Trainee: 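Have a look at this one.
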Amino acid sequence: MDNSKSIILRVLEKSKQLSGMFRLPSKITGCITTSSLYPAHRKLKFYINHDQYENGSNLIVSIVFRMIQDFHKDNKMLPPVLFLNLDNCGRENKNRWLLSFLSALVEKGIFREIVVYFLLVGHTGNAVDQLFSILTQEFKKSEIKTLEELMEII
């Protein structure tokens with residue numbers, strides 16, 4: 001998703017008064033946890049980064065860790081095999097930091113096995129992209145003046 005759509009202060013009608021105001025950058029990462037243990041067989045989660053973290057491997061490792069924590073908190077257990085579907089971004093997903101983190105999870109016995117799928121280059125139309133398409137439509141017709149308004153749309 002184009003990050004300019006989720007910047008806070010987003011107004012539909014531009015004015016000279018608002019043109020010089022600070023606009024808080026808001027990068028959104030969407031995740032779907034799929035499991036028959038959830039009522040809808042999936043749980044949606046969005047992480048908002050206001051440039052306090054650099055986009056890259058540290059952010060992705062943190063998000064994967066939080067998703068594992070959330071799953072454990074919700075279900076009081078973890079599955080023996082973790083399946084990850086990631087886009088084909090080397091800077092964020094295909095790097096030694098993420099793969100080392102996943103290896104450590106297996107080495108420590110958190111998971112018996114971790115299977116990572118990377119989407120084919122040019123074929124990145126996945127379920128998360130569909131969610132962002134819906135969000136983009138909502139952002140186009142919405143004014144976002146506060147973090148609370150952004151969260152309400154999401």
Side-chain angles (χ1 to χ4, degrees), residues 1-10 22-140 142 144 146-154:
M1 178 170 81
D2 178 7
N3 290 318
S4 66
K5 292 178 177 59
S6 60
I7 287 178
I8 301 173
L9 176 71
R10 185 175 190 295
F22 174 76
R23 295 171 32 148
L24 181 64
S26 304
K27 296 180 178 96
I28 302 170
T29 302
C31 306
I32 301 174
T33 303
T34 306
S35 172
S36 61
L37 298 174
Y38 289 120
H41 297 287
R42 69 183 197 166
K43 180 179 180 180
L44 308 177
K45 195 89 171 192
F46 295 95
Y47 297 92
I48 301 174
N49 177 17
H50 299 294
D51 280 351
Q52 74 267 37
Y53 306 109
E54 183 180 327
N55 276 1
S57 58
N58 285 340
L59 180 64
I60 299 303
V61 167
S62 297
I63 288 172
V64 170
F65 181 69
R66 285 186 184 171
M67 290 187 69
I68 293 168
Q69 283 182 315
D70 286 348
F71 187 89
H72 186 266
K73 181 180 163 191
D74 293 344
N75 301 295
K76 310 296 185 247
M77 56 85 72
L78 290 173
V81 180
L82 174 65
F83 292 92
L84 293 174
N85 289 308
L86 305 170
D87 66 15
N88 221 337
C89 178
R91 182 174 52 92
E92 294 178 358
N93 298 325
K94 285 185 165 180
N95 59 67
R96 64 182 172 173
W97 308 112
L98 177 61
L99 297 177
S100 295
F101 172 68
L102 299 176
S103 295
L105 292 174
V106 173
E107 184 71 28
K108 293 289 184 187
I110 310 282
F111 295 100
R112 184 183 75 232
E113 180 180 359
I114 297 178
V115 180
V116 180
Y117 295 100
F118 291 103
L119 299 170
L120 295 173
V121 176
H123 299 279
T124 59
N126 60 27
V128 174
D129 289 341
Q130 292 171 1
L131 291 173
F132 277 110
S133 176
I134 294 167
L135 275 179
T136 298
Q137 295 307 314
E138 285 298 315
F139 288 151
K140 282 182 182 177
S142 302
I144 304 170
T146 65
L147 180 58
E148 289 77 20
E149 288 176 2
L150 176 64
M151 299 296 287
E152 194 174 304
I153 292 171
I154 292 175

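Small disclaimer: the values here were computed from a predicted structure and weren't measured.
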Trainee: What pairs of donor and acceptor atoms, side-chain ones from residues 100-109 against any protein atom, are under 3.5 angstrom apart with sequence neighbours left out?
Mentor:
residue: S100; atom: OG; partner: R96; partner atom: O; Å: 2.6
residue: S103; atom: OG; partner: L99; partner atom: O; Å: 2.9

Trainee: Which pair of heavy atoms, one from S57 and one from W97, lies closest together, and at what distance?
Mentor: OG-CD1, 3.3 Å
Trainee: How long is the span from the CD1 atom in I68 to the CD1 atom in I63, to the nearest 0.5 Å?
Mentor: 12.5 Å
Trainee: Looking at SG of C31 and CG of N85, how far apart are the two atoms once the value is rounded to the nearest 0.5 Å?
Mentor: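 Here the interatomic distance stands at 11.5 Å.
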Trainee: Output every pair passing salt bridge (charged side-chain N to carboxylate O under 4.0 Å, His left out) with a member in residues 68-77, not counting sequence neighbours, ordered by first then second residue.
Mentor: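 Only K43-D74, K45-D70 qualify under salt bridge (charged side-chain N to carboxylate O under 4.0 Å, His left out).
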Trainee: Going by heavy atoms in the side chains, are Q69 and H72 under 4.5 Å from each other?
Mentor: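 They are not in side-chain contact.
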Trainee: Got V116 and L98 here, is their nearest side-chain heavy-atom distance under 4.5 Å?
Mentor: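 No - every pair of side-chain heavy atoms lies 4.5 Å or more apart.
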Trainee: Identify, with sequence neighbours excluded, every residue that meets side-chain contact (heavy atoms from CB on, under 4.5 Å) alongside S35.
Mentor: L37, Y38, F71
Trainee: Rounded at 0.5 Å granularity, tell me how far CZ in F46 sits from CD1 in I32.
Mentor: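 Between F46 CZ and I32 CD1, I get 7.5 Å after rounding to 0.5 Å.
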Trainee: Enter the distance from Y117:OH to L84:CG here, rounded to the nearest 0.5 Å.
Mentor: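 These two atoms lie 10.5 Å from each other.
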